[in-house]
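Data first, discussion second: the structure below is written as structure tokens.
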Amino acid sequence: MRATLTVLGSGTSMGVPTIGCDCVVCGSADPHDRRTRPAIMVQWDGHTVLIDTTPDFREQAIREKIRRIDAIIYTHGHADHILGLDDVRPLSFPRVTGGGKIPLYASENTARVLRNVFRYIFEADYKYGGLAQVELHPIDGPIEIHGATFTPMPVFHGDVPIEAYRFGSAAYLTDFSAIPDESMAQLQGLDILFLDALRHHPHPTHSTVENSLKIVEQLKPRRTFFTHISHDLPHEKTNAELPEHVRLAYDGLRLEFDL
Ligand SMILES: [Zn+2]
Ligand SMILES: [Zn+2]
Ligand SMILES: [Zn+2]
């Protein structure tokens with residue numbers, strides 16, 4: 001079935017512009033250089049799934065006019081990927097969901113972080129309502145949501161394995177420095193591939209433009225988009241240096257694909 005992928009945020013953990021920074025990209029007038037924290041939204045047949053809820057979720061949800069969420073899938077428990085969970089509140093109330101809680105899917109490691117950070121939600125003793133109505137489902141295999149399958153696969157974020165996801169002809173790999181061979185094998189024949197590409201200069205827990213270009217050469221997806229982008233990469237100049245089928249993602253980018 002046809003589906004839409006929307007880039008909610010394309011920036012690195014501190015966002016671009018970065019607080020207190022006077023560099024060219026942070027001061028750029030090009031709206032593509034304004035990058036909120038990294039997340040995507042997948043929609044099909046009236047259903048909406050988020051991958052990650054960033055500290056910028058509120059702004060992203062207002063910008064993209066999100067009216068309903070069927071599920072949230074997490075890549076890992078770092079602050080820039082989870083801290084917006086509290087802001088799903090208005091979308092989690094019964095008048096919006098029709099009653100049920102919003103399911104959250106995460107690996108056992110990530111679920112543990114969510115339970116700790118959001119203890120007030122998961123071990124609620126607050127009697128006056130107002131809490132996000134969500135329920136956590138630890139996963140160790142594919143997630144089925146309204147006829148779509150999201151398959152987790154490990155990628156290494158420094159030493160730590162986190163989740164990347166393939167769904168239909170698309171895959172989303174953020175926050176990785178290495179991809180194990182078993183995961184590479186699951187990334188064949190893609191229409192759309194999202195890859196972490198923080199900057200040019202090497203980083204211990206993130207991929208770079210050069211490293212991700214090598215992965216593109218190996219996997220040969222039809223289209224590739226780089227994400228989790230720092231203020232080192234000006235949108236227009238970087239795109240001009242990339243091959244035609246590889247682009248920097250930007251906030252609000254919308255793509256159609258087969259789910
Ligand atoms: Zn991150
Ligand atoms: Zn800057
Ligand atoms: Zn991370």
Side-chain angles (χ1 to χ4, degrees), residues 7-41 50-60 72-85 87 104-118 152-165 171-180 183 193-209 211-212 215 225-238 248-251 253:
V7 175
L8 296 179
S10 56
T12 188
S13 59
M14 288 187 280
V16 182
T18 303
I19 294 172
C21 185
D22 296 316
C23 80
V24 177
V25 176
C26 287
S28 166
D30 180 352
H32 298 103
D33 283 323
R34 198 180 165 82
R35 301 171 181 134
T36 58
R37 265 61 72 85
I40 60 166
M41 171 170 72
L50 308 181
I51 300 188
D52 293 334
T53 51
T54 84
D56 298 314
F57 174 69
R58 178 178 169 278
E59 183 185 331
Q60 295 166 346
I72 303 169
I73 299 174
Y74 285 97
T75 59
H76 65 307
H78 283 170
D80 54 326
H81 298 260
I82 67 168
L83 284 188
L85 175 58
D87 280 329
L104 314 179
Y105 297 99
S107 70
E108 189 46 63
N109 279 342
T110 303
R112 196 176 311 124
V113 176
L114 289 168
R115 276 190 218 102
N116 284 335
V117 173
F118 296 99
M153 65 192 78
V155 290
F156 281 96
H157 191 13
D159 296 338
V160 181
I162 69 156
E163 271 58 58
Y165 292 93
Y172 184 68
L173 285 71
T174 188
D175 294 64
F176 70 87
S177 42
I179 307 174
S183 298
L193 174 61
F194 274 78
L195 294 175
D196 180 357
L198 183 71
R199 61 190 190 193
H200 292 293
H201 189 62
H203 187 282
T205 64
H206 285 280
S207 188
T208 58
V209 169
N211 186 56
S212 285
I215 296 163
F225 296 89
F226 288 168
T227 193
H228 214 292
I229 309 161
S230 80
H231 60 171
D232 286 6
L233 303 180
H235 184 82
E236 206 179 302
K237 179 170 176 288
T238 309
L248 292 189
Y250 57 87
D251 291 25
L253 170 65

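For ligands, and for the atoms within them, numbers begin at 1 and follow the listed sequence.
- Closest N/O/S atom of His78 to the Zn ion (ligand 3): ND1.
- Asp196 places no side-chain N or O within 3.5 Å of a backbone atom of Thr174 that could act as its donor or acceptor partner.
- Within the 3.5 Å criterion, the main-chain N or O of Thr110 finds a donor-acceptor partner in the side chain of Ser107.
- When the Zn ion (ligand 1) is compared with the N/O/S atoms of His228, atom NE2 turns out nearest.
- When the N, O or S atoms of His157 are ranked by distance to the Zn ion (ligand 3), NE2 comes first.
- Our summary of the site lists the angle at the Zn ion (ligand 1) between OD2 of Asp80 and OD2 of Asp175 as 160°, to the nearest 10 degrees.
- Expressed to the nearest 10°, the angle at the Zn ion (ligand 2) joining SG in Cys26 with SG in Cys21 is 120°.
- Within His231, ND1 is the N, O or S atom that lies nearest to the Zn ion (ligand 2).
- Checked by atom type and distance alone, the side chain of His203 pairs as donor or acceptor with a backbone atom of Thr205 at under 3.5 Å.
- In this structure, Phe176 has its ring center at least 6.0 angstrom away from the ring center of His206.
- Taking the six-membered ring where the residue is Trp, the centroids of Tyr172 and Tyr165 are separated by 6.0 Å or more.
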